[in-house]
Amino acid sequence: GENVEQHPSTLSVQEGDSAVIKCTYSDSASNYFPWYKQELGKGPQLIIDIRSNVGEKKDQRIAVTLNKTAKHFSLHITETQPEDSAVYFCAAARSNDYKLSFGAGTTVTVRA
Amino acid sequence: DTEVTQTPKHLVMGMTNKKSLKCEQHMGHRAMYWYKQKAKKPPELMFVYSYEKLSINESVPSRFSPECPNSSLLNLHLHALQPEDSALYLCASSQGQGARDEQYFGPGTRLTVT
């Protein structure tokens, strides 16, 4: 089955700086890569996703890059704000499969 | 309305109790999911319903029994649970089948088994 590794497990950044989280996956057939943000006391929320026919995708301060050859993808958050503090999970899946394989999560803390 | 609601928010039950968790969505989604999430861990898939039929059971013990009465509702019946079953139980839904459709998660039910 798919194995997703996520690094770092914790990340502390100064407000206004950038944050980068990296994930690697093992199943070369995976072609859908979502990122979820989970705030305390809430369920995960999709913040951005990328499919294997695209190398990069941006949405305001958030961007995701995908390198299919190396089997890794990354989340970039620019101009971080205190409300970006949360746990972030990457995931990988085959688009015709229900099951998302999640990374272990990254706890991001933005210092004011 | 892009909301998945779950009740109750918190539940404490003894090992001999029977209880149920409820999940509801009104987005017209045809796939619904139960996940279990332990502290500081990612969600683990338990069950998937597609068009009101159980399509995936991730080898979950029979003390957890899912039910999908209609396309908007999903229940998880609990019986004879163990303390290690204490966790956050998340419900999610998506438009159709496959990971290509965004999964919307509810806030979860925090379950404590004593």
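This one's a predicted model, so the numbers in the text were calculated from it and none came from an experiment. Naming convention: chains lettered A, B, ... in sequence-line order (proteins, then strands); numbering from 1 in each chain.
Taken to the nearest 0.5 Å, the CD atom of Q103(B) stands 14.0 Å off from the CD atom of Q45(A). Separation of atoms CG (L88(B)) and NZ (K42(A)) is listed at 14.0 Å; rounding is to 0.5 Å. Note that CG of L46(A) is 9.5 Å distant from CZ of F105(B), once rounded to the nearest 0.5 Å. Of the inter-residue distances, the one linking Y33(B) atom OH with L100(A) atom CG reads 7.5 Å to the nearest 0.5 angstrom.
For CD of E15(A), the number of neighbouring non-hydrogen atoms (other residues, nucleotides, ligands) closer than 6.0 Å is greater than 12. Open room surrounds CD on Q60(A); 12 or fewer heavy atoms of other groups in view lie less than 6.0 Å from it. Counting non-hydrogen atoms of neighbouring residues, nucleotides and ligands closer than 6.0 angstrom, the NZ atom of K68(A) exceeds 12 such neighbours.
Residue contact with chain A, scored on non-hydrogen atoms closer than 4.5 Å, involves the backbone of K40(B) exclusively. At a 4.5 Å heavy-atom cutoff, the contact between E58(B) and chain A is made by side-chain atoms alone. With a 4.5 Å cut-off on non-hydrogen atoms, Q38(A) touches chain B through its side chain but not through its backbone. In this structure, the portion of Q37(B) lying under 4.5 Å from any heavy atom of chain A is its side chain and not its backbone. Proximity to chain B is limited to the side chain of R51(A), based on heavy atoms less than 4.5 angstrom apart.
Counting heavy-atom pairs under 4.5 Å between each of S9(A), A91(A), P34(A), G43(A) and chain B puts G43(A) at the top. Interface check for chain B: of the options P44(A), G105(A), A93(A), the most heavy-atom pairs under 4.5 Å are formed by P44(A).
Under the 4.5 Å side-chain heavy-atom criterion for grouping Ile, Leu, Val, Met, Phe, Trp and Tyr, F89(A) is not connected to V64(A) through any hydrophobic cluster. At a threshold of 4.5 Å between side-chain heavy atoms, the hydrophobic network of Ile, Leu, Val, Met, Phe, Trp and Tyr places M32(B) and M46(B) in one connected group. At a threshold of 4.5 Å between side-chain heavy atoms, the hydrophobic network of Ile, Leu, Val, Met, Phe, Trp and Tyr places V20(A) and L11(A) in two separate groups. One hydrophobic cluster holds both L74(B) and F47(B) under the rule that ILVMFWY side chains link at heavy-atom gaps under 4.5 Å. No continuous path of ILVMFWY side-chain contacts below 4.5 Å connects L90(B) to M13(B), so the two sit in separate hydrophobic clusters.
Nearest heavy-atom pair, P42(B) versus A104(A), reported as atom, atom and distance to 0.1 Å: CD-O, 4.0 Å.
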**Prompt:** When you look at S94(B) and Y98(A), which way does the side-chain hydrogen bond (donor to acceptor under 3.5 Å, both in side chains) test go after all the steps?
**Reply:** CA-CA 10 Å; S94(B) 64; Y98(A) 281 110; over 6 Å; no
